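To find a chain, count down the sequence lines: A is the first, B the second, and so on, and within it residues start at 1. What you are looking at is a predicted structure, and each value in this text was computed from that prediction instead of being measured.
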Protein chains: 2
Amino acid sequence: MSSLTAGNRRPVRLADIAKAAGVSHGTASNVFSRPEIVREEVRDRVRAAAEAMGYAGPDPKGRLLRAGKVNAIGVATAEPLSYFFDDPFARVMMAGISQACDATGAGISLVSAANNEQLAWNIQSALVDGFIVFCIEGGSRLVELARERKLPFVALDLDSEDGSVAAIGVDNIAGAGLAARHLTDLGHRRFAVLALPFADDRTGLVLPEQVRAATYAGTRDRLTGYLRELARVGIDTSKVPVYETANDVASTKAGLETVFASDTPPTAILAMSDRIALVALEWLSARGLRVPDDVSVVGFDGVPEAAVSEPPLTTIAQPIAEMGRLAVRAILESDGPVSRHQLPVELIVRGSSGPPRG
Amino acid sequence: MSSLTAGNRRPVRLADIAKAAGVSHGTASNVFSRPEIVREEVRDRVRAAAEAMGYAGPDPKGRLLRAGKVNAIGVATAEPLSYFFDDPFARVMMAGISQACDATGAGISLVSAANNEQLAWNIQSALVDGFIVFCIEGGSRLVELARERKLPFVALDLDSEDGSVAAIGVDNIAGAGLAARHLTDLGHRRFAVLALPFADDRTGLVLPEQVRAATYAGTRDRLTGYLRELARVGIDTSKVPVYETANDVASTKAGLETVFASDTPPTAILAMSDRIALVALEWLSARGLRVPDDVSVVGFDGVPEAAVSEPPLTTIAQPIAEMGRLAVRAILESDGPVSRHQLPVELIVRGSSGPPRG
DNA sequence: AGCAGATTTTGAATCGATCCAATGAAAACA
DNA sequence: TGTTTTCATTGGATCGATTCAAAATCTGCT
């Protein structure tokens, strides 16, 4: 007395239609994967059966197990998923990754999670052929998890520490040096650094011992590059305020409040990311300070937004999209030894930097 | 004489470590998936074996087949993958999707392809629990492919035609009407429409029969909304130029060239997307035409960029992120009948529209 | 020691396909 | 007609795990 067509829909399997069409599952499989080798009459019969039974085609879940290859690469971060679409750096990077994936026909899986347990599980169970790991925050943990999967993976924005992991990044020390040198050449002597995180979940002024204990080598390297160059022109770097932000609006503004509360406010700001620098530009303008007349700002990254800000941002450009492309290639052709690439950075001088007043 | 440790690395399976630890694979499996039910001593032994043999943990490929659920939703488009990170509409949509996925712990798989064959294959073999389909270009084909997978899926930006597919969209006719009404209320009588694609791979002035043959109902609906409202105030809509763009810079500029080559150029432009409208703004400014004094422009979508353009863009805002969130929920709780949601749109008046000169 | 009950462990079945060596049938040739 | 080739089909093995009913072991109690 139950329904005619419905029933409790156990999904149709290849074997079901094989039986219905009166052929072996081997033949049924061939109809879908190599139709040319099966006789036309049989092929049609099987296809008809499939049609009749509402068969959706070979289930990729089954195929996967046999084939081994997923044909997708995972991009992992400890940020929420929306990071991929919000953050300018991430977006350019993803554009590069997309390009390389499109070219090779690979798909992209976005892996992320709110909390740490979820993250671990998501990485452990991600169906991918390899990982590209965004080492922004929570980088070390991510790298550890990715490594445990024993799949090819490459770390982005390399925290150069561990030579055993494949990584693609830039020479942060040299890049930061370029930024600092640009400003000292212009005559600046009073600096403030708005830093990326040195370790998880902390913001505020940074003490030297915290720098030494930095989880993120990238951040430390940039600071090293800055300070080394400042020291070269005789600046007492121990007096240079370094404020650790979370690379977001709120903490950056807090940092600006702090460093400009000083009696001798900086005439130049070294921002470790364009995101931070752009927030600074806005904050300074709201505060009535003119850029670059009152304060110069130099960013880091070279995101597209930096070219169209008011004023346009002087920055250290990384070949972001190229890094993405390289990362994909490193995964797909993961042979040989761990590949570590260090790409060049470039100082791009725009309107946000100029000589200090007077 | 070959290497000591290497060998030809057949990856370690759960069964291997089970044998090594002297337990059944059932027990070995339990050690990883429900450690609490296995005796501590055994657990340690198995874990030690795993460690020693370099076992990466249960392979998700195997688990997947048994479990059935992938725990990821696929987002499909016929555009290249970079579309997700470049296009403003897509980005806001993806932000909404991300949010909902983060909340439920689901992952996101980006599915796309350069050519049609690849696309079909990629959709057929995507490891996902459901699809969200971006029906921008190539929409109908995409919907067809997604439907064939017999997985839950929802079409975005609904081409309302087919009531049997779940879809989430806005009332395009009413939205377009709002835009046109706004301009006629301001006194405009000479219009041009810059349209989204009516069918694949075509651009140029559109004839009525092409509209009737439109593949994309969304585009047709918006046009209907525009023209109906224009007709209401006595405008001969057969004289209103409708230029079909590919929603990109080049074709939009070509459309502008065309409609402004007329003896009686429009005083108001109805753009079917903010992307088109923003290009128009730029083109008009470069051409020395002032907005809104010489020409008014009204967009469609309500992307963030529209709020910060010069001048800010008057537009019909869709609740884009909300649509994304709804779509995810529709997939994950895909029970009951096909869910079709029509969300409200809103006219947002900004600086790009004003009364016509004189 | 004997037995009920609780706790662990086992091993076969299952998930849904692909692959391939063997078999069968038909065509080609002597 | 017998033998070789060619082509199509079969069915068992495999991919790597999970699940669960049944068997084995351990506890506690009389």
Rounded to the Å, how far apart are [X] [atom1] and [N] [atom2]?
X      : N      : atom1 : atom2 : value
A:K19  : C:dA17 : NZ    : P     : 14 Å
B:K150 : C:dG16 : NZ    : P     : 15 Å
B:L14  : D:dC15 : CG    : P     : 14 Å
B:Q124 : C:dG16 : CD    : P     : 18 Å

Report task. For B:K19, look at atom NZ and say whether over 12 heavy atoms of other residues, nucleotides or ligands are found less than 6.0 Å away. Result -> no
**Report entry** Heavy-atom side-chain contact between A:V133 and A:V154 under 4.5 Å
**Finding:** no
Query raised in the report: Is any side-chain heavy atom of B:L156 less than 4.5 Å from a side-chain heavy atom of B:F89?
Result: no
Requested in this report: Would you jot down, in residue-number order, the residues of residues 61-70 of chain B having a non-hydrogen atom under 4.0 Å from DNA chain C?
Outcome: B:L65, B:R66
Query raised in the report: Looking at residues 24-50 of chain B, who's got a heavy atom less than 4.0 Å off DNA chain C?
Result: B:S24, B:H25, B:G26, B:T27, B:V38, B:R39, B:V42
Query raised in the report: Would you call B:E41 and B:R45 a salt bridge, taking side-chain N to carboxylate O under 4.0 Å as the test?
Result: yes
Query raised in the report: Got a salt bridge between B:E144 and B:R141, using NZ or NE/NH1/NH2 to carboxylate O under 4.0 Å?
Result: no
Requested in this report: Please step through side chain to side chain contact (heavy atoms under 4.5 Å, CB included) for the pair B:I132 and B:V328, ending with a clear verdict.
Outcome: CA-CA 8 Å; B:I132 295 179; B:V328 174; 3.9 Å; yes
Query raised in the report: In terms of the angle between their ring planes, are A:F85 and B:F85 parallel, tilted or perpendicular, with boundaries placed at 30° and 60°?
Result: parallel
Query raised in the report: Taking only side-chain nitrogens and oxygens of B:Y55, does any of them come within less than 4.0 Å of OP1 or OP2 of D:dG16?
Result: no
Report task. Could you note down all residue pairs passing salt bridge (Lys or Arg N to Asp or Glu O under 4.0 Å) where residues 91-105 of chain B supplies at least one of them, sequence neighbours left out? Result -> B:R91-B:E305
